[in-house]
Colleague: 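Mind having a look at this structure? Questions to follow.
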Amino acid sequence: VITKAQHKYLSARAEELIKKAGVLLTADELKKMDTADFGLGNPEIEGAQIVPLIDTEKIAMRVIVLLPLQTEPEHWHAGSGDIPGKEETIRVLYGTFYLCAEGEDNRQYARIPEGKDEYYTARYEYVMSPGDTITIPCGTRHWFHAGEHGAVLYSVSTAARDAADPFTDPNVVRVTVLTE
Ligand SMILES: [Fe+2]
């Protein structure tokens, strides 16, 4: 649950980083920003600011902003029935960005929020800078962490059904609930 005041604060900070990254977004696009706390109630530690740009039956594109040292919880993109899971390409635009995916543990910088080790099982860390691009196959667990200046990235993918994405942490509620 996010209060309206928290939403305002988080989106203002995210907008600053979007400007620093030199990404052009319209006022209407910025209005759609999701300040996700993933139902965990501590968005500056575990959260992400997500601006949906394109959603068709085949593709999706988002700008994702992580505040300094913010972590987006581990999840994967599962298929259902005939619909394959989302294949997601991340391109970093600003900041130092740590992407952890399944693989041998080489993690050095990406911080797991305190007491949450069991919910961050993907430990192969990619250290990424502006211009770096990585594609995450569907079904692969992944999570994100930003360096001390925050990070801005594009997520370009096959069709997204964000609300249905499974997360490793059973406490996650993907749809952001806004309250007074
Ligand atoms: Fe993802």
Side-chain angles (χ1 to χ4, degrees), residues 10 14 17-18 21 23 29 32-40 42-43 45-67 69-80 83-103 105-107 109-113 116 118-147 150-176:
L10 295 166
L17 289 170
I18 288 167
V23 179
E29 285 166 343
K32 291 185 200 149
M33 186 188 300
D34 177 16
T35 53
D37 74 335
F38 300 95
L40 301 172
N42 200 0
I45 303 292
E46 281 179 294
Q49 295 61 231
I50 302 167
V51 184
L53 297 183
I54 302 172
D55 275 290
T56 75
E57 278 176 27
K58 293 185 177 170
I59 65 159
M61 182 175 182
R62 282 123 182 54
V63 169
I64 300 178
V65 181
L66 293 188
L67 303 179
L69 308 180
Q70 194 180 33
T71 299
E72 175 170 336
E74 180 175 288
H75 63 281
W76 64 102
H77 304 290
S80 89
I83 309 164
K86 158 174 126 166
E87 177 189 274
E88 182 175 26
T89 295
I90 297 294
R91 178 177 176 85
V92 178
L93 302 168
Y94 174 86
T96 305
F97 178 71
Y98 307 102
L99 188 161
C100 288
E102 290 174 38
D105 188 346
N106 69 344
R107 186 177 61 98
Y109 304 105
R111 287 193 203 166
I112 295 173
K116 303 243 173 151
E118 62 183 310
Y119 303 142
Y120 290 84
T121 64
R123 302 282 178 94
Y124 187 88
E125 178 183 78
Y126 298 87
V127 178
M128 298 175 71
S129 301
D132 289 342
T133 299
I134 283 179
T135 297
I136 305 157
C138 65
T140 299
R141 288 179 197 239
H142 55 282
W143 56 280
F144 304 146
H145 183 74
V152 180
L153 39 133
Y154 283 133
S155 162
V156 178
S157 71
T158 55
R161 285 160 297 117
D162 296 340
D165 286 339
F167 281 73
T168 307
D169 182 348
N171 303 306
V172 165
V173 178
R174 176 59 192 90
V175 178
T176 308

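For ligands, and for the atoms within them, numbers begin at 1 and follow the listed sequence. The model shown is predicted, which means the values in this text are computed figures rather than measured ones.
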Colleague: Return the orientation label for the H75 and F144 ring planes: parallel under 30°, perpendicular over 60°, tilted otherwise.
Modeller: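 Ring orientation, 0 to 90° scale: perpendicular.
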Colleague: Just checking, any donor-acceptor pair under 3.5 angstrom between side chains of T168 and R141?
Modeller: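 Yes, side-chain donor-acceptor contact under 3.5 Å.
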Colleague: How about E87 and T135: do any of their side-chain heavy atoms sit closer than 4.5 Å?
Modeller: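 They are in side-chain contact.
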Colleague: Which heavy atom of P73 sits nearest to which heavy atom of E46, and what is that distance?
Modeller: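 Reported closest heavy-atom pair: CG-OE2, 4.3 Å.
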Colleague: E74 and T121: side-chain donor and acceptor closer than 3.5 Å?
Modeller: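 Yes, a side-chain donor-acceptor pair sits under 3.5 Å.
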Colleague: Strictly under 2.8 Å of the Fe ion (ligand 1): which protein N/O/S atoms qualify?
Modeller: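 You should have found H75 NE2, H77 NE2, E88 OE1, H142 NE2.
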Colleague: Looking only at non-hydrogen atoms, find the nearest pair between M128 and I134 and report the distance.
Modeller: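 The answer is SD-CD1, 3.6 Å.
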